[in-house]
Protein chains: 2
Amino acid sequence: MAEEHEKGQEIGAANPARPGHATMNTIATHLGVSRATVSHVLNGRSAEQRIRPETQSRVLDVARELGYRPNALARSVRSGKSRMIGYLVSDPRYEPYWNTIIGALDEAEQEGFTLKVLSVTPGTFAERIRQCMELRLGGLIVRINQDKSTLFAEANRVGIPVVTVDESVPQSFGVRVNAADALGCREAVSHLVELGHRRIGFISSGFGRQPLEIVPTREGLFLQEMATRGLDVPDGCVTRETMLVYGRRAKAGHDTATGLAATDALLEHPAGRPTAIFCWRDEAALVAIQACHRRGLRVPGDISVVGFSDISAAWLCDPPLTTCQSPWEEMGRTAVRQLVNAVEGEFDPSPREILIPSGLVVRQSSGPAPT
Amino acid sequence: MAEEHEKGQEIGAANPARPGHATMNTIATHLGVSRATVSHVLNGRSAEQRIRPETQSRVLDVARELGYRPNALARSVRSGKSRMIGYLVSDPRYEPYWNTIIGALDEAEQEGFTLKVLSVTPGTFAERIRQCMELRLGGLIVRINQDKSTLFAEANRVGIPVVTVDESVPQSFGVRVNAADALGCREAVSHLVELGHRRIGFISSGFGRQPLEIVPTREGLFLQEMATRGLDVPDGCVTRETMLVYGRRAKAGHDTATGLAATDALLEHPAGRPTAIFCWRDEAALVAIQACHRRGLRVPGDISVVGFSDISAAWLCDPPLTTCQSPWEEMGRTAVRQLVNAVEGEFDPSPREILIPSGLVVRQSSGPAPT
DNA sequence: CTGAAAGCGCTTACAG
DNA sequence: CTGAAAGCGCTTACAG
């Protein structure tokens with residue numbers, strides 16, 4: 001048995017120095033049958049091919065002995081189909097985005113697909129597109145901070161389905177999966193209003209108007225909710241921050257200065273200090289809490305703070321943060337499901353948006369408005 | 001031009017319904033030359049093959065027009081080499097592990113490799129091993145919570161290099177990349193002692209003794225540092241927590257109860273409250289701060305708290321956490337570099353450990369011992 | 001019941 | 001200067 005094993009490995013080894021994988025040829029020559037027979041047996045076509053039971057078991061036994069594994073790459077070349085999905089992402093360090101990737105990874109694995117993450121910067125975008133094409137990926141998930149038209153053009157040309165995640169700008173190609181921020185925003189404002197808050201400040205993003213425009217959207221939703229309730233948002237009650245939070249060791253450092261300044265501006269507002277601050281993301285909310293503490297303000301006793309995303313820091317901090325829980329993992333799962341359907345069935349490239357529900361998680365950073 | 005484009009696509013398309021990729025055959029028939037010539041030109045072997053300059057430019061032009069992309073899978077099949085690295089991980093939701101993946105991803109992309117993340121649970125381990133083999137990955141990075149011997153056996157048999165990350169149990173196969181926790185631990189204890197602390201409690205992990213054993217190690221290092229300085233650690237000054245922190249929505253929820261209890265036990269220690277608490281990970285430290293606040297203790301005024309890892313919450317919380325900054329990204333980079341060397345040169349499977357330096361980051365959760 | 005043959009896309013000696 | 005041929009590992013009609 002051990003000798004056969006050795007022998008099989010030698011036959012199959014391209015490079016005698018390395019052990020190498022056994023191939024169908026290894027098994028076939030080892031047994032004196034053809035590769036076709038081996039292929040039929042190993043792929044469960046013994047029945048329709050009426051392979052002799054004895055041959056079947058001989059093939060299966062040797063395959064097991066040699067630790068045969070089919071070469072997925074060769075299969076892909078042959079079939080022209082790929083069960084590999086690419087995930088192009090600009091900010092893999094940002095917790096919400098890797099949560100999305102995790103969701104996608106999980107769903108892909110359930111479906112028998114594998115996921116390939118490719119990080120993108122303006123300088124490497126063309127190179128990444130090239131890699132996607134060369135790897136003959138079966139589908140692409142995209143969350144990128146820049147113009148995607150070159151990618152769309154090429155994917156469209158060769159027929160690769162594309163799904164974007166968390167990109168709110170309508171595009172002429174592919175499916176968009178997004179969070180239903182409107183729901184979370186409405187719940188958050190309702191929550192604060194029910195607690196008696198009327199003067200509510202908003203800390204928005206100071207980043208340029210990216211194609212993404214997630215920022216204006218959340219800010220806009222907030223203003224809309226306030227207007228619906230007849231609540232005034234005076235000039236200066238929306239401020240902006242630009243700190244970089246992409247990972248523990250982002251190049252620009254953990255600069256909380258703009259977040260602190262944005263909060264200070266709200267706290268010193270001439271029309272009077274707001275009793276609550278709603279923030280476009282959790283990081284801003286947590287820094288806002290730091291700013292309040294520095295002034296001796298208690299959260300939520302003196303002022304309530306609400307965030308957006310529900311990052312892990314939101315429940316590890318003190319007080320734990322009330323926040324809109326965006327459905328990041330589910331967004332990733334949904335994106336994969338779309339692509340799996342596209343790969344396995346017909347690809348429908350008609351542009352459409354899929355919204356995943358979100359909701360408010362009430363913790364201890366929000367409380368009754370002080371009287 | 002446009003017509004040629006159309007024509008080329010039709011020739012190259014396996015399925016006429018889908019556009020599909022152009023192949024070397026598409027180009028060759030389009031030009032009336034052989035595939036070999038196309039291959040030579042496209043791979044920069046025009047010189048040694050002395051391809052006529054005119055032919056060269058015709059090939060290059062048509063390749064550009066048709067948007068030709070070489071099929072990386074077919075290349076891999078042909079060469080038997082793969083520039084794809086697999087990353088097997090049990091807890092991709094855990095921020096430190098995710099950071100390690102990011103570092104690996106970044107380094108792999110710099111080296112012209114791609115990374116494939118595969119998440120592993122006890123129930124899917126065998127399936128994941130199978131996928132790694134079928135995809136003919138060129139190397140494997142491993143961070144798994146269970147016995148890895150079946151993986152090692154198979155990788156060894158077919159000659160795939162394996163590097164483990166953050167696995168401190170010596171193994172008979174492959175390279176281990178680890179953080180030099182000893183450095184961080186020494187700096188942390190020195191820092192506290194210099195601030196006048198003598199009674200220091202430790203919150204350790206209550207998880208079973210996994211093969212990983214990162215926990216006993218950190219606890220052991222702490223005890224050793226204390227002993228070196230002649231400082232006593234009475235019974236009960238090391239407590240344990242088991243909260244699950246793998247992601248925002250881990251199935252078991254964000255249960256901070258064991259962390260709070262571990263802290264309470266220290267604060268009520270019969271030999272007197274410690275003036276500082278050192279924790280085996282940041283999450284425990286942040287929950288410890290919550291527990292202190294609940295008792296009206298000020299951090300760091302009444303008690304200092306130091307963590308381990310430097311997760312993002314460590315600098316978003318208030319007070320920002322003093323912590324040992326483990327070099328997660330660098331560990332990922334190092335692992336990839338080992339594998340790249342293995343793929344490109346000779347594979348040296350001799351077991352060895354590579355330690356990446358770590359250090360203390362002093363923030364505001366530690367201060368002078370109260371008198 | 002099984003095998004010879006053609007082919008997926010690519011590469012590499014080897015002729016001429 | 002270029003092409004015919006063999007081959008990587010796999011699959012699929014098609015003979016017999």
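Lettering follows sequence order; numbering is per chain, from 1. Owing to the predicted nature of the structure, the values given are computational and were not obtained by experimental measurement.
Of the P atoms belonging to C/dA4 and D/dG7, the separation is 15 Å, rounded to the nearest Å. Between C/dT11 and D/dT2, the distance separating the two C1' atoms is 16 Å to the nearest Å.
Side-chain contact, A/R75 with A/N43: a donor N or O sits under 3.5 Å from an acceptor N or O. Side-chain contact annotation: A/T114 with B/K116, donor-acceptor N/O pair under 3.5 Å present.
Side-chain proximity of A/T37 to the nucleotides D/dG9, C/dG3, D/dG3 is greatest for C/dG3. Among C/dG3, C/dC8, D/dA4, the nucleotide with an atom closest to any side-chain atom of B/A36 is D/dA4. Side-chain proximity of A/V77 to D/dC10, C/dC8, C/dG3: nearest is C/dC8. When distances are taken from the side chain of A/R52 to each of C/dT2, D/dT11, C/dG3, the shortest belongs to C/dT2.
Atom CE of A/M133 and atom CZ of A/R128 lie 13.5 Å apart (nearest 0.5 Å). Atom-to-atom distance recorded for B/T124:OG1 and B/L118:CG is 9.5 Å, nearest 0.5 angstrom.
Rounded to an integer number of Å, the gap from B/R35 CZ to C/dT11 P is 11 Å. Taking atom CZ of B/R69 as the reference point, atom C1' of C/dC10 lies 17 Å away to the nearest angstrom. The distance between atom CG of A/N25 and atom P of C/dA4, rounded to the nearest whole Å, is 12 Å. The CE-P distance, from A/M24 to D/dT12, rounds to 10 Å in whole Å. Per the geometry, CD1 belonging to B/I51 stands 14 Å off C1' belonging to C/dT11, to the nearest Å. One can place CD of A/Q56 at 13 Å from C1' of C/dT2, the figure rounded to the nearest angstrom. Between the NE2 atom of B/H21 and the P atom of C/dC10 there is a distance of 10 Å, rounded to whole Å. When the C1' atom of C/dG9 is taken as reference, atom CG of A/L73 falls 13 Å away, rounded to whole Å.
With contacts defined as side-chain heavy-atom distances shorter than 4.5 Å, the pair B/T23/B/T26 qualifies.
Counting only Watson-Crick or G-U wobble pairs whose defining distances are both under 3.5 Å, the stems of 3 or more consecutive pairs in DNA chain C are C:1-3 with D:14-16, C:5-12 with D:5-12, C:14-16 with D:1-3.
At the heavy-atom level, A/S76 lies nowhere under 4.0 Å from the strands shown. Heavy atoms of B/R78 sit under 4.0 angstrom from at least one base atom. Counting any heavy atom pair closer than 4.0 Å across all strands shown, B/T55 reaches sugar-phosphate atoms only and no base atom. Within 4.0 Å of A/R75, counting heavy atoms only, lie sugar-phosphate atoms of the nucleic acid but no base atom.
Taking for each of B/G32 and A/S39 the nucleotide of DNA chain D with the nearest heavy atom, the 5'-most of the two is the partner of B/G32. Nearest-nucleotide positions on DNA chain D place B/V33 closer to the 5' end than the other of B/R136 and B/V33.
The two residues A/S119 and B/L105 come nearest to each other via the heavy atoms CB-CD2, 4.0 Å. What you find for A/R333 and A/D106 is that their closest heavy atoms are NH2-OD2, 2.7 Å.
Side-chain atoms of B/R157 come within 3.5 Å of backbone atoms of A/L66 as a donor-acceptor pair (strictly under, hydrogens ignored).
Considering only side-chain N and O atoms, B/N71 lies nowhere under 4.0 angstrom from the phosphate OP1 or OP2 of C/dC8.
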